[in-house]
Number of protein chains: 2
Amino acid sequence: MVSDKVNTKSKIQDVAEGFIIKGGYDSFSFRDIAEAVGIKSASVHYHYPTKGDLVAAVMARYISHFSSQLPDPLSVELNPIEMLHGFIDGFKVKVVDQGNMSLCTMLTWNKSVLPDVVCEELASFYNIILDWLIKIFMRLDSVNDEKAQLQANQLFACLHGASILAQGTNNANCFDQAVAYWRMTYPLTA
Amino acid sequence: MVSDKVNTKSKIQDVAEGFIIKGGYDSFSFRDIAEAVGIKSASVHYHYPTKGDLVAAVMARYISHFSSQLPDPLSVELNPIEMLHGFIDGFKVKVVDQGNMSLCTMLTWNKSVLPDVVCEELASFYNIILDWLIKIFMRLDSVNDEKAQLQANQLFACLHGASILAQGTNNANCFDQAVAYWRMTYPLTA
DNA sequence: TATTATCTATCTAGTGATAGGTATTTTATT
DNA sequence: AATAAAATACCTATCACTAGATAGATAATA
């Protein structure tokens, strides 16, 4: 059945995404995935010939899902401050509450062994987020493009660094401290 | 000879450190190290029975070296602003100019497969740096301990995030942008 | 002689990947 | 509608290779 095929494919992607988030590209094998899905490793190869193909598919799905979930930064009905806080809080949920890293953050660490396609998708993902943040900051401060770009880079770097710090020190408190500047500079109840 | 032993041991550590910096814990094997050093893999096991032992040794050496290179943050002869810039610039040299990540940053990504000893050393490393930064910020702003801690977390997170951003986007400019706030807030020529 | 540092040779377990077979379901042809 | 052909999704079995690790021999040093 066609629907079975689709289910298996997405199951494989689900499982692979879980593995990548927890330990990166090298942390799982085709057999690990097969076992979790309930098929044999050869069947995983049937759907995704190489590991690179599999990771590329997972990446593409993740980016597309992530992008579609980002609210329109230019929508007049949406409050840019609330969107900013939503972005920060979303990051925190993943990193602190669920103890995971962003899929793309994890894969950035494995760039040297990833297929070129995946590396390009990685770069495009980062740029999607930066562009979104730039639009938010343009609305928040009504500043020029350059300063908004600066702020976007700073916030994004801060969030990633906060993740490492929280993981490295085993201290979730580090995350909030590292992010405090942005929460204070753009308070929710303005 | 004793000196031979020492040389081989430190050579092994040198090579291992290089591998970790470039690709993390999973990116190299005992055979890779043996080849680079010019011995056989069994001889690497002689010096460091397990991979965990080897990485623990590399970590310990790195932390000790890093700590001893940090200037005394409380020395009255040293300018805290210059020390801060030195810290930031040192980070940039590694990440942007040499294209590497900090050893500990890399290993944080492999925490799930690392021996507990290494994880503890990781946490201690982060705390050493945070403590150092806290002392610097205490001198810079003469503020209370809490605010200095906040700033230390923020700068440290910023630096790590800037590294990821620079690597992920293949755009070295991101690093400077992400770090710009700190360079402007504490300018060298005050 | 004992210790140190290295070697050769090998083990077990795991890796990504492929060949070839088998049902099952779709599609095309009669 | 019945049948042939083809595509789909899985399987078993296996390949070549690499991983970390160990046993036991050997040479050099103390």
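Because only heavy atoms are used, hydrogens play no part in the values below, and waters and symmetry mates are left out as well, while side chains stay in. Source: prediction; values computed, not measured. Each chain gets a letter, A, B and so on, in the order the sequences are listed, and its residues count up from 1.
- Nucleic acid contact for A:Phe28: sugar-phosphate only, since backbone atoms but no base atoms lie under 4.0 Å from a heavy atom of the residue.
- For A:Tyr25 and C:dG16, the OH to P distance is 8 Å, given to the nearest whole Å.
- Judged by distance alone, the side chain of A:Gln154 and the main-chain N or O of B:Gln177 form a donor-acceptor pair under 3.5 Å.
- A side-chain donor-acceptor contact under 3.5 Å links B:Trp132 to the backbone of B:Pro71.
- In this structure, A:Asp32 places its CG atom 16 Å from C1' of C:dA17, rounding to the nearest Å.
- One can place CD1 of A:Ile33 at 8 Å from P of C:dG16, the figure rounded to the nearest angstrom.
- If you take CG of A:Asp26 and P of D:dG20, they are 12 Å apart, rounded to a whole angstrom.
- Nucleic acid contact class of A:Ser29 (heavy atoms, under 4.0 Å, all strands): sugar-phosphate only.
- Judged by distance alone, with hydrogens and angles left aside, the side-chain atoms of B:Asn127 form no donor-acceptor pair with the main-chain N or O of B:Ser124 at under 3.5 Å.
- Between the CD atom of B:Glu35 and the C1' atom of D:dT18 there is a distance of 13 Å, given to the nearest Å.
- Residue A:Ser41 places no side-chain N or O under 4.0 Å from the OP1 or OP2 atom of C:dA17.
- Remark: the B:Tyr126 side chain and the A:Asn170 side chain contain no N/O donor-acceptor pair separated by less than 3.5 Å.
- A:Lys51 comes within contact range of the sugar-phosphate backbone alone, with a heavy-atom separation under 4.0 Å but no base atom that close.
- Taking the nucleotide of DNA chain D with the nearest heavy atom to each of A:Gly38 and B:Phe30, the more 5' of the two is matched to A:Gly38.
- Atom NE2 of A:His47 is separated from atom C1' of D:dC11 by 12 Å (rounded to the nearest Å).
- Closest contact between the side chain of A:Thr50 and the listed nucleotides C:dT8, C:dT18, C:dA17 involves C:dA17.
- Counting distance only, with no hydrogens placed and no angle test, the side-chain atoms of B:Arg31 and the base atoms of D:dG20 include a donor-acceptor pair under 3.5 Å.
- To the nearest angstrom, C1' of D:dG24 lies 17 Å from NZ of B:Lys40.
- Picking from D:dC10, C:dC7, C:dG16 the nucleotide with the shortest atom distance to the side chain of A:His45 gives C:dG16.
- Counting only N and O atoms by type, the side chains of B:Tyr181 and A:Asn153 include no donor and acceptor under 3.5 Å apart.
- With distances taken from any side-chain atom of B:Ile39 to the nucleotides D:dC11, D:dA21, C:dT6, the minimum falls on C:dT6.
- In this structure, B:Lys9 places its NZ atom 11 Å from P of C:dT6, rounding to the nearest Å.
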